[in-house]
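Just below is one structure, and these are the notes that go with it.
Along the sequence shown, residues carry numbers from 1.
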Amino acid sequence: MSTDERSRYRARVEAETGKSPEQLASATPAGVTRKLTYDSADLEGISHLDALPGQFPYVRGLRASMYGGRPWTIRQYAGFSTAEESNAFYKQALAGGQKGLSVAFDLPTHRGYDSDDERARGDVGKAGVAIDTVEDVRRLFEGIPLGDVSVSMTMNGAVLPVLAGYLVAAEEQGVSARQLSGTIQNDILKEFLVRNTYIYPPEPSLRMTSDVIQYASAELPKFNPISISGYHLHEAGATAALELGLTLADALEYVRAVAERGLDIDRFAPRLSFFFAIGMDFFTEIAKLRAARLLWASLLRERYAPKDPRSLELRTHCQTSGISLSAQDPLNNVVRTAFEALSAVLGGTQSLHTNAFDEALALPSDASARVARATQLILQHETGVPGVVDPLAGSYFVERLTHDLAEQARAVLAQVEAAGGMVRAIESGLAQRLIETAAAERQARVDRGQDVLVGVNRFQAEEEPPSVALRRIDSGRVRELQTARLAEVKRGRSQKDVERALAELSEAARRGLNLVPPSVTAMRARATVGEVSEALSAVFGRHAAMSHAVRGVYGKQFETDEAWQQLRLRTASLAARFGRQPRILVAKLGQDGHDRGAKIIASGLSDLGFDVDLGPLFQTPAEVARRAVDGDVHLLGISSQAGAHDELLPALLEELRALGAEDVQVVLGGIVPAEDRERLRDLGVKAVFGPGSALPDMAAELLGLLEAGAARGGV
């Protein structure tokens with residue numbers, strides 16, 4: 001485009017809109033600034049344009065034919081209640097066109113607790129399947145030939161006993177380890193960043209991850225020993241550049257740790273895999289996957305010079321975003337998921353999971369899971385999209401965006417490396433703060449209406465739509481069943497053999513040996529997931545992170561908002577009346593480590609003038625009640641994502657009554673079905689805030705509770 005043509009174009013834009021093209025530039029929820037228009041000048045300085053699909057740096061895809069030769073793998077991430085119920089779901093999914101299984105484990109399993117442990121109460125079978133022993137793994141895959149079906153397991157903290165249980169179950173099914181295909185997530189560093197289902201401190205956790213990679217490189221040639229996950233960073237609020245940069249920083253830390261053991265890069269890099277979230281910023285998500293392949297191939301070639309080209313290939317599974325799902329007008333989520341799935345396919349994913357439309361409310365129902373699978377089948381068989389490799393290649397916008405995201409991610413990598421690498425960045429809190437700041441900024445934009453969510457903060461239905469049928473899990477029933485099964489296994493095993501195997505595992509941990517073989521021996525002897533985890537924690541200890549929240553984000557976003565200033569005045573008025581700031585404890589119950597919501601609430605209320613105590617994770621009802629009493633709080637806010645309100649919240653209210661703390665007003669926020677709210681209020685919960693609740697609205701209701709209490713003479 002010539003200078004004269006650019007001038008004429010600018011004049012036409014200004015005539016049509018009254019604004020210049022620069023004034024019409026916009027920022028996306030993923031943190032990307034877009035110009036109004038792109039042209040050939042935007043391709044200047046981009047070096048990857050001439051590479052064909054299947055060629056370095058793999059921007060256009062890993063294979064020359066991509067989906068023309070083989071479509072992506074359709075997966076369904078699922079697991080709930082008992083192994084038998086999950087097994088039935090898997091068989092139904094396989095019959096419905098799914099090609100691989102993705103196993104979700106319950107929170108106690110993630111955290112290395114058996115189902116009969118007191119700390120497992122309220123969480124057994126809730127957000128995944130309960131696995132305590134090899135017998136549970138055998139039930140999980142009953143009638144499913146493990147030599148033929150690819151199995152992906154989302155497991156990190158308790159990776160050793162869970163992987164060992166899978167290997168033993170396959171062995172007892174007559175399938176050798178060398179036949180097994182699939183992936184185990186085994187990405188422990190991201191757990192310290194966002195998801196928090198860790199068990200041990202960072203250094204020994206990194207060692208265990210490396211043990212699995214080293215073992216698999218020799219014994220599991222078809223199995224991916226790690227899935228390096230950006231998904232959870234995205235779901236915690238990271239921008240696209242942060243998701244890319246921190247995920248690749250994690251990956252480089254794993255490569256360094258394994259390479260330092262003397263393992264050649266080409267022995268293990270071809271089996272490394274990645275996992276990215278796909279959100280609603282359509283073109284950014286496409287460019288993100290292209291940039292990920294570009295960066296990984298370039299970084300590995302720069303730093304390790306592998307000889308096998310497969311070492312440079314970033315193979316990824318993708319999942320549509322959970323945080324883009326809304327509890328309001330949930331059928332809108334069908335549309336959201338379809339667009340996100342299309343982004344993943346246009347970006348060149350190797351496998352894909354599509355979320356069900358009701359997952360902002362509960363675990364997916366059979367009907368919603370069927371729609372989610374059909375979304376991918378329609379993409380594969382009806383749209384014609386898979387017939388062309390990288391159909392957006394050469395797009396001025398997409399190519400520029402791919403390049404810019406890669407450069408922004410390199411800047412994030414440089415920050416991490418300046419901090420001493422990913423482990424040091426985690427220990428210092430740098431990496432967590434980057435995500436937490438982005439998350440608070442993102443939510444503040446939504447709460448103020450700058451980022452539009454259809455049916456949530458704009459275009460809401462005048463009447464609440466009819467409720468959808470939800471899947472409910474009776475955690476107490478599953479816990480009773482699992483407890484009985486644990487007792488049965490313990491009666492039938494040789495306790496002497498178990499004790500010997502666990503002692504050998506602890507000794508291997510002390511001596512620095514690879515921990516996979518002794519874990520397999522222990523699980524073969526019918527040790528439990530909890531016992532193996534305890535044998536390791538006796539050597540390494542359990543990690544306890546300090547919770548904190550960023551400050552100033554909401555205050556800056558709302559500094560000119562009159563309603564916000566009124567909330568600040570009300571808070572100050574209460575502080576004057578109480579003789580101290582209104583004090584709230586924001587806490588989570590049980591083994592749910594998803595703390596994005598709790599941290600955002602803590603951040604926003606702090607900016608309003610509340611004295612906020614952000615409690616530690618993984619607390620029992622008794623521990624939270626005691627902290628509330630010792631902290632002399634006015635309000636106790638419980639954040640729930642995994643159904644803690646069913647069993648643990650009533651127990652908390654009992655604990656408060658036992659401590660004589662009925663004056664502490666308890667409120668609840670998170671994934672709480674509408675039909676539960678009346679029951680919770682009858683129990684004594686003062687307010688319930690569902691997904692998508694805006695922080696200023698929540699703050700106004702909390703202040704109303706405190707003002708009413710003060711009017712009654714309370715403090």
Side-chain angles (χ1 to χ4, degrees), residues 29-30 72-80 86 89-90 92-93 96-105 126-129 152 154 185 194-195 227 229-237 243 275-282 285 288-289 316-345 347 349 351-380 453-456 468-471 473 594 596-597 641-643 670-671 673 690-692:
W72 67 91
T73 301
I74 298 174
R75 291 187 181 274
Q76 196 80 26
Y77 178 57
F80 51 87
S86 295
F89 186 93
Y90 295 154
Q92 182 182 42
Q98 188 172 312
K99 300 301 182 184
L101 302 179
S102 294
V103 182
F105 298 92
K126 264 285 173 63
V129 62
S152 173
T154 301
Q185 195 166 94
V194 293
R195 191 162 168 260
S227 175
S229 175
Y231 183 89
H232 304 90
L233 311 187
H234 174 280
E235 296 297 273
E243 181 185 354
F275 175 30
F276 286 105
I278 303 296
M280 282 299 292
D281 192 353
F282 186 77
E285 298 301 337
K288 182 176 76 181
L289 296 185
T316 190
H317 170 68
C318 290
Q319 181 174 339
T320 58
S321 173
I323 60 169
S324 69
L325 302 178
S326 67
Q328 300 88 344
D329 276 349
L331 288 177
N332 288 345
N333 297 330
V334 176
V335 181
R336 294 185 174 105
T337 296
F339 278 117
E340 290 173 345
L342 180 57
S343 284
V345 170
T349 189
S351 72
L352 178 61
H353 164 85
T354 34
N355 285 330
F357 66 80
D358 53 0
E359 287 188 63
L361 299 166
L363 289 170
S365 65
D366 289 343
S368 67
R370 188 169 61 252
V371 172
R373 283 195 301 276
T375 301
Q376 296 197 52
L377 292 169
I378 290 166
L379 260 178
Q380 281 192 359
L453 301 182
V454 174
V456 179
V468 297
L470 302 178
R471 187 187 297 276
I473 302 297
H594 295 86
R596 171 184 176 271
Q641 182 167 319
I671 297 179

remark   = Those residues at least two apart in sequence (or on a different chain) that pass side-chain contact (heavy atoms from CB on, under 4.5 Å) with S326 are Q328, N333, R336, V456
ask   = Partners of A327 by side-chain contact (heavy atoms from CB on, under 4.5 Å), sequence neighbours excluded?
value = A360, L361, P691
Rounded distance [0.5 Å steps], [atom1] in [X] versus [atom2] in [Y]:
| X | Y | atom1 | atom2 | value |
| --- | --- | --- | --- | --- |
| F276 | L233 | CZ | CG | 9.0 Å |
| L377 | R370 | CG | CZ | 12.0 Å |
| H234 | S324 | NE2 | OG | 7.5 Å |
| L453 | I323 | CG | CD1 | 9.5 Å |

query = Is F282 atom CZ crowded by more than 12 heavy atoms from other residues, nucleotides or ligands, each under 6.0 Å away?
reply = yes
message = Apply side chain to side chain donor-acceptor pair (under 3.5 Å) to residues T354 and Q376 and explain how you reach the verdict.
response = CA-CA 7 Å; T354 34; Q376 296 197 52; 3.2 Å; yes
Could you check whether any side-chain heavy atom of [X] comes within less than 4.5 Å of a side-chain heavy atom of [Y], counting everything from C-beta outward?
| X | Y | result |
| --- | --- | --- |
| V129 | V103 | yes |
| C318 | I278 | yes |
| L325 | T337 | yes |
| S321 | E235 | yes |
| W72 | L379 | yes |
| K288 | D281 | no |
| R195 | T154 | yes |
| N332 | V335 | no |

query = Would you say D358's side chain and S365's backbone share a donor-acceptor pair under 3.5 angstrom?
reply = yes
Quick check: closest heavy atoms across [X] and [Y], and the distance to 0.1 Å?
| X | Y | value |
| --- | --- | --- |
| N355 | G322 | ND2-N, 3.5 Å |
| S343 | E285 | CB-CB, 4.0 Å |
| A127 | A104 | O-CB, 4.2 Å |
| V194 | A236 | CG1-CB, 3.4 Å |
| L289 | A344 | CD1-O, 3.7 Å |

inquiry  = Walk me through whether T73 and L352 qualify under side-chain contact (heavy atoms from CB on, under 4.5 Å).
reply    = CA-CA 6 Å; T73 301; L352 178 61; over 6 Å; no
inquiry  = The criterion is ring-ring contact (aromatic ring centres under 6.0 Å, His included); which residues satisfy it with F275, sequence neighbours excluded?
reply    = Y231, H232, H317
task = List the steps and the verdict of side-chain contact (heavy atoms from CB on, under 4.5 Å) for F89 and D366.
result = CA-CA 8 Å; F89 186 93; D366 289 343; 3.8 Å; yes
Side chain to side chain donor-acceptor pair (under 3.5 Å) between S229 and Q185, worked out = CA-CA 8 Å; S229 175; Q185 195 166 94; 4.6 Å; no
